[in-house]
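Counting convention: from 1, in listed order, for ligands and their atoms alike.
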Amino acid sequence: MRSGNLGYPRIGRDREWKKALEAFWAGKLEEEAFHAELKAIRLGNLKTQQEQGIEVIPVGDFSYYDQILDTSAMFGLIPSRFGYEGGKVGLSTYYAVARGTREAAASSMTKWFNTNYHYIVPELESTLKPVLTSNRLLEAYREAKQELGIEGRPVLIGLYTFVKLSRGYAPNELESWIDRLLPLYVQVLQELAAEGVQEVQIDEPILSTTLAQEELAIVARIYETLAKEAPGVKLFLQTYFESVDHYEAVVALPVHGIGLDFVHDGGRNLASIKKHGFPADKVLGVGLIDGRGIWKADLHSKLELLNTISQSVASDRIIVQPSNSLLHVPVSAKGELKLDAVLRDALAFADEKLAEIALITKAGNNGIEAVAVELEAASNSRKALEQSPSRARKEVHERIADLASQPSDRTASVEARRRVQQDKWQLPLFPTTTIGSFPQTPEVRRARLKWRKGEWSEEQYETFIKDEIKTWIDIQTELGLDVFVHGEFERNDMVEFFGEKLAGFAFTSNGWVQSYGSRCVKPPIIYGDVEFTAPMTVAETVYAQSLTSKPVKGMLTGPITILNWSFVRDDKSREEVAYQIALALREEIEALEAAGIGMIQVDEPALREGLPLKREQWAAYLKWAVLAFRLSTSTVADETQIHTHMCYSEFNDIIESISALNADVISIETSRSHGELVKSFEDFTYDKGIGLGVYDIHSPRLPSVEEMGSMIDRALRVLDPALFWINPDCGLKTRKYEETVASLRNMVEATEIARQKYAR
Ligand SMILES: Nc1nc2c(c(=O)[nH]1)N[C@@H](CNc1ccc(C(=O)N[C@@H](CCC(=O)N[C@@H](CCC(=O)N[C@@H](CCC(=O)O)C(=O)O)C(=O)O)C(=O)O)cc1)CN2
Ligand SMILES: [Zn+2]
């Protein structure tokens with residue numbers, strides 16, 4: 001057996017990557033120095049993998065922003081609005097597509113399958129002429145070999161996955177795009193073969209989703225062509241995040257090796273191997289170690305699983321590997337000294353996972369006795385956590401057992417609620433609001449750091465936050481918005497903040513994971529039973545409300561989003577953990593209401609992300625996800641207006657569940673995805689308040705009044721004006737002060753124009 005990896009976090013041990021990108025964008029780092037900095041991170045990553053004893057090391061998984069954008073750039077697939085004229089795609093074009101420029105809006109970004117990683121969506125305009133602009137895999141391979149003597153395995157996004165995740169073409173044009181790109185894939189592989197590359201990893205995670213039979217014929221055609229035209233290099237076809245549905249067809253593809261996920265497959269990949277066997281002439285990548293969770297593996301059961309698999313696959317044809325790229329977990333748990341010892345001892349981040357892979361490989365080759373000591377230690381770590389008192393909170397268990405008796409829907413109809421709410425608030429046509437956060441400026445971050453380090457007292461920090469709130473209440477007043485927010489200045493992140501305040505959570509010092517571009521998140525760890533301990537948001541909200549007669553929305557993150565953006569204990573179902581969070585949040589909502597806050601927003605941007613990859617599992621997930629949201633939000637008075645918010649996902653196919661949340665008002669991103677959502681309202685009548693984002697907040701670009709006006713017009717072609725709200729796509733925390741004020745000013749102006757136009 002050999003040990004292998006599929007991808008390593010690119011952000012650096014101390015987020016050096018993020019800092020370098022942002023410095024470069026700000027003009028504080030020259031291009032040459034920037035390249036040198038990134039190269040150092042890249043080589044460091046390769047070295048770490050080598051030192052951890054990994055034999056099959058990926059190259060080309062590193063990126064300057066996103067691996068899908070890299071693939072688009074490699075094939076010259078740059079949308080025409082960026083004025084690209086061929087040749088190697090330079091950094092300014094590359095980042096223009098990712099971030100937008102003054103002249104051209106950025107490409108859409110959306111979730112990478114069911115993760116919190118966002119990729120840049122390729123736009124396959126019919127006029128684009130794909131060519132190989134530069135073979136980045138060849139460069140990556142050479143670099144690893146020359147600088148470190150590592151014989152790397154280049155990683156390429158598979159053609160079918162790439163085209164399926166792209167937009168801008170009609171369904172009947174899919175095959176013609178395959179035909180146009182296939183020769184370029186051949187060329188990439190031929191060039192790699194000529195260089196002496198042994199094997200290439202081709203990621204086709206789309207094979208883990210529900211695919212129609214006809215689609216498999218296209219996949220087969222792709223791999224038959226690649227095998228025939230580029231015979232000099234072995235292809236290793238990698239799937240992940242779920243089982244493959246059409247197992248027999250997939251393992252029959254003409255490739256040298258197949259990688260399967262044995263962690264997130266619901267046992268189905270194993271069942272397929274047992275039932276159908278595995279082709280004797282192929283290598284199997286056994287995705288044994290969880291590439292998305294952070295718990296130490298139960299090595300005994302992993303070895304058992306490996307043993308079962310070895311009954312169908314020869315040992316020398318097995319690669320022990322993570323279930324997916326380690327991009328989705330933090331770099332190293334070594335520095336987490338502030339965590340409780342029992343918890344810390346149960347963690348495995350990327351580096352620790354690589355060590356586990358090396359260890360399992362050793363056991364696979366030399367027998368279980370060879371690793372007896374390590375096995376014992378790992379098992380003890382897991383046991384200690386299992387016995388933690390934080391997992392034995394009796395009241396939490398009782399409440400969950402009695403869930404059926406908890407209120408789980410509003411008592412009044414949506415129309416009745418609307419009437420009393422409108423009587424109370426007297427909002428104008430097209431009320432304007434924002435999504436919650438205002439700029440998290442370096443000053444805000446620095447203030448928090450000082451407070452955390454103890455350089456600032458509690459009081460000093462509190463005063464600082466209050467001043468920020470006041471400043472932004474004044475700005476909202478001056479802008480003439482209708483529904484205000486306090487700005488979320490006290491929050492490091494919308495999930496981590498709540499994790500720090502609820503019982504059952506822990507938070508790391510340096511457990512960062514890339515979310516999109518240079519932006520990272522530090523997911524909290526749910527290790528125990530979740531319980532409300534004290535109000536978390538009441539003081540800041542009440543203070544903001546005391547400064548204005550306009551309504552200030554209370555602002556919470558919903559149970560499903562807290563669940564999906566945390567690392568979750570693996571001894572309980574996600575459903576049960578979601579209910580625990582929901583009941584804790586209900587107490588916060590009740591506290592806000594009791595303190596006189598009459599509008600409360602419960603964000604659920606990760607609702608769609610949690611959707612299983614297999615369609616047949618959707619209904620079950622949506623049922624408990626919707627229930628969790630309603631458990632949180634159903635005990636308020638009729639006149640209390642519940643808002644929710646969602647962004648950066650494809651919502652079209654879950655619109656009914658979104659409606660079933662029964663929130664009075666939803667704000668939802670549509671602008672970055674160029675209005676795609678609007679279509680779904682042609683067939684579905686949404687009967688609650690709805691604000692469709694009228695501008696992209698992830699771009700430094702200032703949207704014009706006209707642009708927003710046309711977004712509004714487009715939405716009102718399908719939505720009832722009486723229910724329509726106007727807001728940006730998402731929170732404004734990543735924007736600068738000037739950008740925020742200027743764009744909101746334009747938004748208010750666009751609203752005034754629309755009010756005149758649509759007033760009856
Ligand atoms: N969890 C989560 N997922 C999400 C979103 C989200 O908001 N949260 N939004 C969508 C898009 N994703 C996003 C993810 C991250 C960020 C973001 O802004 N992240 C920040 C970090 C936020 C944070 O936790 N900040 C901390 C720590 C900040 C920090 O780095 N501090 C410096 C010191 C401060 C300084 O001098 O700048 C340090 O410790 O060294 C704080 O504010 O306290 C970043 O990468 O820059 C935005 C959007 C979807 N998924
Ligand atoms: Zn959002």
Considering heavy atoms of the protein only, find what lies nearest to atom 27 (C) of ligand 1 and give residue, atom and distance to 0.1 Å.
-> Trp512 CH2, 3.9 Å
Selection from Leu449, Thr561, Asn492, Val444 by shortest heavy-atom distance to atom 24 (O) of ligand 1 | Asn492
Give a yes or no on whether the backbone of Leu481 and the side-chain of Lys550 come within a donor-acceptor separation of less than 3.5 Å.
-> yes
Check whether any side-chain N or O of Glu37 sits under 3.5 Å from a backbone N or O of Trp17 as a donor-acceptor pair, and report yes or no.
-> no
Are Glu462 and Asp467 side-chain neighbours, meaning at least one heavy-atom pair lies under 4.5 Å?
-> no
Write out the residue and atom name of the closest protein heavy atom to atom 19 (N) of ligand 1, then the distance separating them to 0.1 Å.
-> Cys520 O, 3.1 Å
Output field for angle at the Zn ion (ligand 2), His645.NE2 vs Cys730.SG, rounded to 10°, should show 120°
Should you measure from each heavy atom of Lys733, which atoms of ligand 1 turn up under 4.0 Å away?
-> 6 (C), 7 (O), 47 (C)
Kindly indicate, with the supporting measurements, whether the criterion ring pair (Phe, Tyr, Trp, His ring centres under 6.0 Å) is fulfilled by His486 and Phe438.
-> CA-CA 8 Å; His486 78 283; Phe438 282 128; 9.3 Å; no
Is the closest N or O pair between Tyr648 and ligand 1 shorter than 3.5 Å?
-> no
Run the numbers on His35 and Phe24 for ring pair (Phe, Tyr, Trp, His ring centres under 6.0 Å), then give the verdict.
-> CA-CA 10 Å; His35 285 303; Phe24 175 67; 7.6 Å; no
Residue, atom and distance of the protein heavy atom nearest atom 9 (N) of ligand 1 read Trp565 CH2, 4.1 Å
Check: of Arg445, Glu488, Lys19, His118, min heavy-atom distance to atom 35 (C) of ligand 1 comes from Arg445
Backbone of Glu707 reached by a side-chain donor or acceptor of Ser710 within 3.5 Å = yes
Could you tell me whether Val495 and ligand 1 have an N or O pair separated by under 3.5 Å?
-> no
In terms of its nearest heavy atom to atom 38 (C) of ligand 1, the top option of Arg448, Lys522, Arg15, Arg446 is Arg15
In sequence, state the C-alpha distance, the side-chain angles, and the governing distance for Asn564 and Arg608, and then conclude on side-chain hydrogen bond (donor to acceptor under 3.5 Å, both in side chains).
-> CA-CA 10 Å; Asn564 280 328; Arg608 161 74 214 227; over 6 Å; no
Residue, atom and distance of the protein heavy atom nearest atom 12 (N) of ligand 1 read Ser515 OG, 3.1 Å
Pro442 near ligand 1, heavy-atom distance under 4.0 Å?
-> no
Asp696 backbone acceptor or donor facing Ser699 side chain under 3.5 Å | no
Using distance alone, determine whether Asn116 and ligand 1 share an N or O pair under 3.5 Å.
-> yes
Quick check: does any side chain N or O of Ser515 sit under 3.5 Å from a backbone N or O of Asn116, one acting as donor and the other as acceptor?
-> yes
Considering only protein heavy atoms, which is closest to atom 18 (O) of ligand 1, and at what distance to one decimal place?
-> Arg519 NH1, 3.1 Å
Going by the order shown, which atoms of ligand 1 are within less than 4.0 Å of some heavy atom of Tyr516?
-> 11 (C), 12 (N), 13 (C), 48 (C)
Taking only heavy atoms of Asp493, which atoms of ligand 1 are found under 4.0 Å from at least one of them?
-> 1 (N), 2 (C), 6 (C), 7 (O), 8 (N)
Please state which protein non-hydrogen atom is closest to atom 44 (C) of ligand 1 and give its distance, to 0.1 Å?
-> Lys18 NZ, 3.0 Å
Ser107 and its side chain to side chain contact (heavy atoms under 4.5 Å, CB included) partner, picked from Pro122, Ser72, Pro79 | Pro79
So, does Glu739 use its side chain to make a donor-acceptor pair with the main chain of Lys736 at under 3.5 Å?
-> yes
